[in-house]
Structure formats: structure tokens, C-alpha cells
Enquirer: 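If you scroll down you'll find the structure; I have some questions about it.
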Amino acid sequence: MKKLFASRIDTIKGDFIVLWSEEGIFELFFPGAGPVKAYPAKDPPWPQLAADLDRYLAGGPVTWVGYPLDCSGYGEFSGRILAEVSRIPYGQVFTYRQMAERAGSPLAWRAAGQALASNRHPLIVPCHRVVGSNGKIGGFSGPAGWKEMLLKLEGAV
DNA sequence: ATTAATAGCGGCA
DNA sequence: TGCCGCTATTAAT
């Protein structure tokens, strides 16, 4: 595992924690959550991050262009899925199947769900914009309710 | 090393 | 309406 640093990000919704390496953002934690083990604190090389998070949490469109992601640890397919998800335009919603198609394996939508379940980059990789084909949100295992909250935030519901 | 289970969906009777 | 098979990944055995 590469060297990781932790930074606390003050936002209007509370204190987020971002874990990052030289390659980019490694993991993002919601307020109240945090990495199991401690990492050295260091200011991230993205001075706009707090402001962008604020804007996003206030319901503004943020594309996250310019924020590199450290996707090490993902399988090849998972990486492709997450890359595709991160390209979903703001406010749009796709299905698991559509994401699997765009990753090159239309039948692997189920694995796409698995990839999203282990997504380390909530908000930045907007897994809340991927839903079941019936339009309903599945048994998402993250902090209760934040997916719906974020969808409402984007006006996509 | 092998198996079971997992963010469902589409086809078919 | 209900059953079947399908893919990639991970946790459990």
C-alpha cells in the first residue's frame, strides 16, 4: 500500500475526512465516519476541495474535474465501472445494466453493483446516480439515507 | 483452493 | 406470475 495522508475537510454539513496519496484521492469519509487506523495529517494539494464540497452539498453542480483518483486496489472491471460512473453528468441517473454496458460487459451488471458497493469515493464517483432499472434504489449498504439525500440534492428524483 | 453470496435483470412458460 | 441463468468480485470454508 502506498503512503496515505489524511485531511479533515470542514463543510456546511460537517467534517469530512479525505484519505489521499500522491496519485490522488484514495477514500472519502462522511461526517462521523473515518479510517480505522490513523494516518499522518497533511493538507491536500487541492485547495478548492472544501469549497467544491460545500457547493455540492448546497445542491450546486460540481464535476470534480481536476481531482485525480487513486484507484489502486480495485480489480480491472471494478476500475472501469467506477471510471464510467464518475463520468455520469450531474443530475443524470443510470442503471446498473447501462454502466456494465459502458464498461464493456453488458451481462456483468451484477458485478457492476459489487464494484459500486466497494466504491471508496462517494460524491466524487457518484454511485448515488446508479439505480435499479425499476428506478428504485437497492439495498445500499452505506450510511443510511445519504444516497436518497444526495439524489434529492441533485434534483434527479 | 473451492464455494457461496452479492446494489438485479431479462427471457420464457 | 414465478423460475432460471447470467458476470465479476469478495468473504467464508
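Quick caveat, the model's predicted, so the values are computed rather than measured. All chains are named by letter (A, B, ...) in the order of the sequence lines, taking the proteins before the strands, and each is independently numbered beginning at 1.
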Enquirer: What does nucleotides 7-13 of chain C look like as a protein-contact string, B for base, S for sugar-phosphate only, - for none, at under 4.0 angstrom between heavy atoms?
Expert: BBS----

Enquirer: In dot-bracket form, 5' to 3', how is DNA chain B paired? Count Watson-Crick and G-U wobble pairs only if both distances fall under 3.5 Å, and write | where the partner sits on another strand.
Expert: ||||||.||||||

Enquirer: side-chain contact (heavy atoms from CB on, under 4.5 Å) with Gln92(A): which residues, sequence neighbours excluded?
Expert: Ile88(A), Pro89(A), Phe94(A)

Enquirer: Does Tyr90(A) reach the side chain of Arg129(A), with side-chain heavy atoms less than 4.5 Å apart?
Expert: yes

Enquirer: Using a 4.5 Å cut-off on heavy atoms from C-beta on, say whether the side chain of Leu49(A) contacts that of Trp20(A).
Expert: no

Enquirer: Excluding sequence neighbours, so at least two apart, what forms side-chain contact (heavy atoms from CB on, under 4.5 Å) with Thr95(A)?
Expert: Arg97(A), Gln98(A), Ser133(A)

Enquirer: Name all residues meeting the side-chain contact (heavy atoms from CB on, under 4.5 Å) criterion together with Glu22(A); count only those two or more places apart in sequence or in a different chain, and write none if there are none.
Expert: Lys2(A)

Enquirer: Can you tell if the side chain of Phe29(A) reaches within under 4.5 Å of the side chain of Phe16(A), non-hydrogen atoms only?
Expert: no

Enquirer: If the condition is side-chain contact (heavy atoms from CB on, under 4.5 Å), which residues does Val93(A) pass it with, not counting sequence neighbours?
Expert: Val131(A), Leu151(A), Ala156(A)

